[in-house]
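To start, the structure itself, in structure tokens.
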Amino acid sequence: MSRDMLDQYPFTTTTHVRFRDLDALGHVNHAVYLTYFETARIAYYGALTGQTNIADINIIVVEITATYHAPARLADELEVGVRIARLGTKSFDMEYVIVRSADHQKIASGRSVQVMYDYQLAQSIPIDDAFRTRVAHVQQESFDDTV
């Protein structure tokens, strides 16, 4: 795995494997990778929208998957890349990759689907044009409207 893989992701964050992340076999527990994805997702969403207060975050994860490629262990430094892969009318897909910094080994990858949501109305809402424009600008690509 080369560092070039992370170049395909417009936003990256770094984390270190903590003792609490480990399972009985001494490697990162499968569920913890979803937390690594979440950290990258919320940070990237905040960078795109300026929304950093939890009350202002108007997305709900409706689906998430992870694929495990190699184990991560205590004190490993991991880089998590995230990008938006699809923008629909009310939902969008994000893709993730986790790479160990020391050897650029691909550790995990994943995908999630988010829905824009109005908590006061308790319903999904359309993705606004400002968000679409910002994503296209940051990722330097355009997206076709799909459901």
Side-chain angles (χ1 to χ4, degrees), residues 1-117 119 124 127-147:
M1 159 61 61
S2 72
R3 175 77 172 111
D4 295 339
M5 176 61 136
L6 284 169
D7 291 341
Q8 298 173 23
Y9 293 81
F11 189 88
T12 61
T13 187
T14 302
T15 189
H16 290 84
V17 175
R18 300 165 298 178
F19 181 77
R20 67 166 300 281
D21 296 343
L22 306 178
D23 62 16
L25 299 176
H27 52 71
V28 173
N29 180 275
H30 68 280
V32 175
Y33 290 102
L34 300 184
T35 300
Y36 297 159
F37 293 164
E38 176 184 59
T39 299
R41 176 176 55 256
I42 295 303
Y44 186 38
Y45 189 72
L48 288 168
T49 64
Q51 296 172 340
T52 57
N53 184 322
I54 193 166
D56 297 330
I57 297 173
N58 61 339
I59 58 173
I60 293 178
V61 174
V62 297
E63 180 182 337
I64 191 161
T65 61
T67 302
Y68 309 102
H69 304 280
R73 301 196 185 282
L74 184 62
D76 278 350
E77 179 181 88
L78 304 175
E79 296 175 78
V80 185
V82 60
R83 64 184 172 204
I84 293 179
R86 181 193 64 87
L87 280 171
T89 54
K90 294 183 177 183
S91 66
F92 61 99
D93 298 356
M94 295 179 110
E95 294 177 339
Y96 312 88
V97 67
I98 299 175
V99 175
R100 185 173 28 245
S101 299
D103 60 4
H104 306 292
Q105 172 72 45
K106 185 178 184 181
I107 301 298
S109 58
R111 179 183 155 279
S112 62
V113 179
Q114 293 69 219
V115 172
M116 289 293 193
Y117 196 77
Y119 284 90
S124 61
I127 297 172
D128 66 37
D129 290 338
F131 182 73
R132 290 177 187 285
T133 300
R134 183 72 178 140
V135 171
H137 174 74
V138 169
Q139 295 193 184
Q140 298 181 355
E141 62 184 299
S142 61
F143 293 87
D144 295 328
D145 284 352
T146 57
V147 178

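This one's a predicted model, so the numbers in the text were calculated from it and none came from an experiment.
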For the [atom1] atom of [X] and the [atom2] atom of [Y], what is their distance to the nearest 0.5 Å?
| X | Y | atom1 | atom2 | value |
| --- | --- | --- | --- | --- |
| L48 | H137 | CG | NE2 | 10.5 Å |
| Y44 | M94 | OH | CE | 6.5 Å |
| D93 | L87 | CG | CG | 9.0 Å |

Between [X] and [Y], do the side chains contain an N or O donor and an N or O acceptor separated by less than 3.5 Å?
| X | Y | value |
| --- | --- | --- |
| Y96 | R41 | yes |
| T13 | Y36 | no |
| S91 | R86 | yes |
| E79 | S101 | yes |
| E63 | T65 | no |

Do [X] and [Y] come within less than 4.5 Å of each other through their side chains, counting heavy atoms only?
| X | Y | result |
| --- | --- | --- |
| V28 | D23 | no |
| I60 | V62 | yes |
| R111 | I64 | no |
| I107 | V99 | no |
| L6 | V97 | yes |
| I57 | I42 | yes |

Distance flag, aromatic centroids of Y119 and Y117, threshold under 6.0 Å
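Between Y117 and Y119, the centre distance is under 6.0 Å.
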F131/F92 aromatic ring centres below 6.0 Å:
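Yes, they do, as the ring centres are separated by less than 6.0 Å.
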side-chain hydrogen bond (donor to acceptor under 3.5 Å, both in side chains) between Y45 and N58: does it pass, once the steps are laid out?
CA-CA 10 Å; Y45 189 72; N58 61 339; 2.4 Å; yes
Residue H69 excluded, over 12 heavy atoms near NE2 under 6.0 Å:
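Yes, enclosed.
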Counting only heavy atoms not in L25 (residues, nucleotides, ligands), do more than 12 fall under 6.0 Å from its CG?
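Enclosed.
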Short question: side chain of Q139, backbone of R83 - any donor-acceptor pair under 3.5 Å?
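No, Q139 side chain to R83 backbone: no donor-acceptor pair under 3.5 Å.
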Could you tell me whether R73 and D76 have a side-chain N and a carboxylate O separated by less than 4.0 Å?
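No, no charged N to carboxylate O under 4.0 Å.
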